[in-house]
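Below is one structure; the comments refer to it alone.
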2 protein chains.
Amino acid sequence: MHLEKIKPRRVYEDVLEQITKLMSKGKINPGDRLMGEREMANALGVSRTTLREALRTLEHLGLVDIKPGGGTFVKDQNLNQVISPLALALSVEQNSFHDLWEIRFSLEVTAAGLAAQQATPENLQYIEAALREMLSCWSDHASFSKADLRFHYMIAQASQNAMMSRLLQTFVVHLYEMSLKAGYSRFMHDREGVQTINEHSRIFEAIKNRNPEQARLSMQEHLQGVRRDLEGLLEDSTIDDSNMPKV
Amino acid sequence: MHLEKIKPRRVYEDVLEQITKLMSKGKINPGDRLMGEREMANALGVSRTTLREALRTLEHLGLVDIKPGGGTFVKDQNLNQVISPLALALSVEQNSFHDLWEIRFSLEVTAAGLAAQQATPENLQYIEAALREMLSCWSDHASFSKADLRFHYMIAQASQNAMMSRLLQTFVVHLYEMSLKAGYSRFMHDREGVQTINEHSRIFEAIKNRNPEQARLSMQEHLQGVRRDLEGLLEDSTIDDSNMPKV
DNA sequence: TAGGTACACTGGTTGGACCAATTGATTCTA
DNA sequence: TAGAATCAATTGGTCCAACCAGTGTACCTA
């Protein structure tokens with residue numbers, strides 16, 4: 001027989017529930033300032049300590065902005081501060097590079113297709129700007145990588161899917177950092193300088209020409225190419241690709 | 001000129017960093033019991049309150065299990081307790097059904113393909129069991145839906161990608177709950193009883209026959225079908241599909 | 001009126017206290 | 001002696017009162 005472990009209910013969870021409900025029902029709106037901690041704790045009938053645990057949680061979820069000396073404000077969701085709650089979890093959990101890459105691959109190919117359908121002129125402008133910057137500073141590893149990341153992020157943005165964009169950003173950045181640790185930067189130029197520019201251009205053109213299928217295909221090819229390069233590196237790197245929780 | 005706002009450093013963030021580093025370096029392993037709060041707070045030179053804010057964060061990330069009266073334990077990642085940090089964020093943020101569905105679609109089609117390549121005999125067994133249960137209790141809405149969800153979850157598991165599985169589970173469950181709120185349950189049977197069984201069977205067969213392309217295709221068709229049904233419902237439902245943060 | 005200053009208020013942090021639940025050693029019992 | 005009941009130490013959960021360091025505002029001054 002298999003029984004579920006019963007979790008003791010905690011007060012701060014009740015508090016969290018009350019506040020989140022107010023937010024999802026629109027009783028509290030972005031930009032609003034919440035009551036002071038002392039006042040709110042009193043209104044809820046809990047201690048300030050407990051209330052603060054709930055507020056801290058809200059902050060981690062990116063739902064609230066706590067300004068010392070100022071107050072607590074409901075975060076404006078339009079700010080694309082991509083601090084996904086996944087980010088920290090990713091940095092700690094022992095996920096294999098392979099697994100994360102599959103997810104990125106899946107999402108980014110989809111995002112490229114969506115971008116081709118729904119990118120605004122402004123989106124296209126940003127994507128092209130990132131592409132130009134890659135061209136202009138391809139001799140500077142750091143700047144090049146930065147522009148590279150921005151290129152991919154701008155495509156995610158162009159998908160007009162905020163959650164997709166957040167997820168992708170999180171995964172892409174994390175994978176990039178994992179690659180750096182494995183020493184990818186040294187060897188990047190062999191490929192990046194010549195090949196990547198072309199691939200990126202193709203992706204951009206497909207999006208610009210409103211060709212979703214081509215955009216998906218170009219993105220697919222690009223990511224497969226990058227991955228091939230990374231694979232050689234991974235074989236004898238410090239990236240742990242085996243210690244993954246199975247099932 | 002655009003300047004970034006400087007965030008005052010908080011003590012609990014330092015604490016969080018120390019602990020997470022120990023975890024990612026393997027100094028602390030799943031199952032380990034952390035020091036008592038008083039002792040650890042003393043060792044870190046911070047107050048118990050501050051330490052607790054860090055521990056609470058770790059708990060929300062699913063990295064740690066806090067047992068009142070017992071102690072704090074590093075969570076065993078092998079337990080597929082899918083309490084993604086995303087879950088709460090999803091329940092509060094105003095994400096459009098459409099956006100979440102696109103993500104689910106992308107990931108699940110990929111998962112189906114992977115499952116066809118890598119499913120273990122045990123995986124296949126679980127998937128088939130869920131399928132059988134759907135057949136046996138198709139007259140009971142609740143049980144049917146439960147089996148339906150399990151079917152999809154088991155495929156995600158069969159992809160052998162733990163992170164993918166976690167993400168999918170989170171999105172699928174959330175979308176299901178959103179559907180329920182919109183009154184999907186009443187109308188589900190029109191389609192579910194007849195069509196869905198067939199579609200599910202096709203997906204299972206493709207996975208069983210180790211045919212990734214067919215598995216992807218079958219999953220694609222199934223999800224597109226379900227979505228078509230949902231769309232009619234969404235037009236005049238309580239699901240907010242417009243109030244989504246753009247860009 | 002413009003500028004500066006004092007003050008009330010905010011979140012951040014601390015230490016101490018008490019509760020309820022768990023745990024493990026101790027003692028009692030059969 | 002083996003098992004059961006008991007007790008005490010320990011743990012996390014919650015609360016309280018206090019102080020700090022910033023913020024914002026109202027008031028006062030030049």
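Residue numbers begin at 1 in each chain, while the letters A, B, ... track the order of the sequences.
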Specify the separation, in whole Å, of atom CZ of A:Phe73 and atom P of D:dT23. 12 Å
Quick one: which protein N/O atoms are closer than 3.5 Å to N/O atoms of nucleotides 15-21 of chain C? Pair and distance per line, please.
| from | atom 1 | to | atom 2 | distance (Å) |
| --- | --- | --- | --- | --- |
| C:dA17 | N6 | B:Arg48 | NH1 | 3.3 |

For D:dT14 and A:Arg10 - does any side-chain N or O of the residue sit under 4.0 Å from the phosphate oxygens OP1/OP2? no
Smallest separation among heavy atoms of B:Ala54 and B:Tyr12, with atom names: CB-O, 3.8 Å
May I ask you to check whether over 12 heavy atoms, not counting those of B:Tyr126, lie within 6.0 Å of atom OH? no
What integer distance in Å separates A:Leu44:CG from D:dC15:P? 11 Å
What integer distance in Å separates B:Leu55:CG from D:dT11:C1'? 12 Å
Below 4.0 Å: OP1/OP2 of C:dG11 and any side-chain N or O of A:Thr72: yes
Report the C-alpha distance between A:Ser165 and A:Leu168 in whole Å, list the side-chain angles of each, state the deciding distance to 0.1 Å, and finish with yes or no for side-chain contact (heavy atoms from CB on, under 4.5 Å). CA-CA 5 Å; A:Ser165 173; A:Leu168 254 178; 6.0 Å; no
Rounded to the Å, how far apart are A:Met35 CE and C:dC9 P? 16 Å
Can you check the A:Glu53 CD to D:dC16 P distance for me, whole Å? 15 Å
Taking atom P of C:dG12 as reference, at what distance in whole Å does atom OH of B:Tyr12 sit? 9 Å
Rounded to whole Å, CG of B:Leu51 lies from C1' of D:dT11 at a distance of 13 Å
Check the side chains of A:Thr120 and A:Asn123 for a donor-acceptor pair under 3.5 angstrom, ignoring hydrogens and angles. yes
Do any N or O atoms from the side chain of A:Glu59 and from the backbone of A:Val64 form a donor-acceptor pair under 3.5 angstrom? no
Scan side-chain atoms only and decide if B:Arg227 and B:His98 contain a donor-acceptor pair under the 3.5 Å cut-off. yes
From CD of B:Glu37 over to C1' of D:dG13, roughly how many Å is that when rounded to an integer? 8 Å
